[in-house]
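First comes the structure, then the notes that go with it.
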Amino acid sequence: MLCIKLSKENLLRAYRLLRKRFGFQHWWPAKTKDEMLIGAILTQNTSWRNVEKAIEGLRQKNMLSLKVIAGSSLASIQSSIRPSGFYRQKAKRLKQFSSYIVANYSSIGNFFKQSKEPRKELLGIGGIGNETADSMLLYAGNIPVFVIDAYTKRILGRVFGIGSEKMSYEEVQNLVMGLLPRDAGLFNDFHAQLVELAKRYCKKNPSCGECPLSNVCSYHAEKK
DNA sequence: AACCAGGAGAGAG
DNA sequence: CTCTCTCATGGT
């Protein structure tokens, strides 16, 4: 079977192709850090389209703020975020998270300045798993961690012909971060490009013909 | 009309 | 540690 080697050179080549096609992504799509953090929780196993509706619901009530959420009732949070699904859990998670940050650090900026082990601390809050924590670290804290999600696994699996779908979160993360320079700007835009690629071409029925990676993709090579 | 979406946690084995 | 279930709405 034809297989593109997973190497630093090929990863960066893929990134350049994506960026050339899609342009710099300017992620995360949020106006403030608080909004980014809230979006990270809302998007858990949920399409971004639905998350946008929930964010708009919060915006209309002036609730896109950790301090406001920390002081709001569960019922009022729930009613704002219903379109994003899992709204009972997510309301609880938003309030828990917000209360923790506000009570211990006052603001997310202080959290990133003062926390000695921010990743570990985020994971300890509850309702914050690997992907959500890493998204927060990278996109709100500008800390160089590569975010792994379902898209990243699917694309790495197809392009490089590796069984990344079965690999654990940390295995894939260590693999990618071991190959790339530790650059928050690169990790930021690279992950955003992968999401863009997945949304457009790398679905269950891939449209490889127009995929910017078709020339360097094992999956595509195998089909011809 | 089934199937999926930028996950996480609890429980079972 | 690895599976399986649950949480829930909205688009295709």
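By convention in this document, chain letters (A, B, ...) are assigned in the order of the sequence lines, proteins followed by strands, and residues within each chain are numbered from 1. Computed from heavy atoms alone, side chains included, the values below leave out hydrogens, waters and symmetry copies.
- For K199(A), no side-chain nitrogen or oxygen approaches OP1 or OP2 of dC4(B) to under 4.0 Å.
- Across the P atoms, dA8(C) and dA1(B) are found 25 Å apart, a figure rounded to whole Å.
- Every residue two or more places apart in sequence or in another chain that forms a ring pair (Phe, Tyr, Trp, His ring centres under 6.0 Å) with Y105(A) is listed here: F111(A).
- Rounded to a whole Å, the NZ atom of K92(A) is 12 Å from the C1' atom of dA10(B).
- Rounded to a whole Å, the CG atom of L94(A) is 14 Å from the C1' atom of dA8(B).
- Residue K153(A) contributes atom NZ, which lies 11 Å from atom C1' of dG7(B) at whole-angstrom precision.
- Following rounding to the nearest Å, I125(A) (CD1) and dG9(B) (P) show an atom-to-atom distance of 11 Å.
- Between the side chains of N130(A) and R119(A), at least one donor N or O sits under 3.5 Å from an acceptor N or O.
- The interatomic distance linking E52(A) (CD) with dG11(C) (P) rounds to 12 Å, in whole Å.
- A heavy atom lying under 4.0 Å from DNA chain B marks the following residues of residues 25-44 of chain A, by number: W27(A), W28(A), T43(A), Q44(A).
- Within the nucleic acid shown, I128(A) comes within 4.0 Å of sugar-phosphate atoms alone, with no base atom in reach, counting heavy atoms only.
- In this model, a donor atom of one side chain and an acceptor atom of the other lie less than 3.5 Å apart for D134(A) and Q173(A).
- Applying the salt bridge (charged side-chain N to carboxylate O under 4.0 Å, His left out) test to residues at least two apart or on different chains, none of the pairs has a partner in residues 161-187 of chain A.
- Per the geometry, OH belonging to Y169(A) stands 17 Å off P belonging to dT2(C), to the nearest Å.
- The CD1 atom of I81(A) sits 15 Å away from the C1' atom of dG10(C) (whole-angstrom rounding).
- Between R49(A) and G126(A), the residue whose closest nucleotide on DNA chain B is further toward the 5' end is R49(A).
- E117(A) is linked by a salt bridge (charged side-chain N to carboxylate O under 4.0 Å, His left out) to K120(A), counting only residues two or more places apart in sequence or in another chain.
- Legend: salt bridge (charged side-chain N to carboxylate O under 4.0 Å, His left out) pairs involving residues 31-40 of chain A, not counting sequence neighbours, sorted by first then second residue: E35(A)-R59(A).
- In this structure, W27(A) is a member of the same hydrophobic cluster as F112(A), with clusters built from ILVMFWY side-chain heavy atoms closer than 4.5 Å.
- The distance between atom CH2 of W48(A) and atom C1' of dG11(C), rounded to the nearest whole Å, is 17 Å.
- Judged by distance alone, the side chains of S79(A) and K61(A) do bring a donor and an acceptor atom under 3.5 Å apart.
- Atom CD1 of I101(A) is separated from atom CD1 of I69(A) by 12.5 Å, given to the nearest 0.5 angstrom.
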Polar atoms only, N or O, under 3.5 Å: list the protein pairs with nucleotides 5-9 of chain C and their distances.
unit_1: dC7(C); atom_1: O4'; unit_2: Q89(A); atom_2: NE2; d: 3.2
unit_1: dC7(C); atom_1: O2; unit_2: Q89(A); atom_2: NE2; d: 2.7
unit_1: dA8(C); atom_1: OP1; unit_2: F86(A); atom_2: O; d: 3.4
unit_1: dA8(C); atom_1: OP1; unit_2: Y87(A); atom_2: N; d: 3.3
unit_1: dA8(C); atom_1: OP1; unit_2: R88(A); atom_2: N; d: 2.8
unit_1: dA8(C); atom_1: OP1; unit_2: Q89(A); atom_2: N; d: 3.1
unit_1: dA8(C); atom_1: OP2; unit_2: R88(A); atom_2: NH1; d: 2.4
unit_1: dA8(C); atom_1: O4'; unit_2: F86(A); atom_2: N; d: 2.9
unit_1: dT9(C); atom_1: O2; unit_2: N50(A); atom_2: ND2; d: 3.4

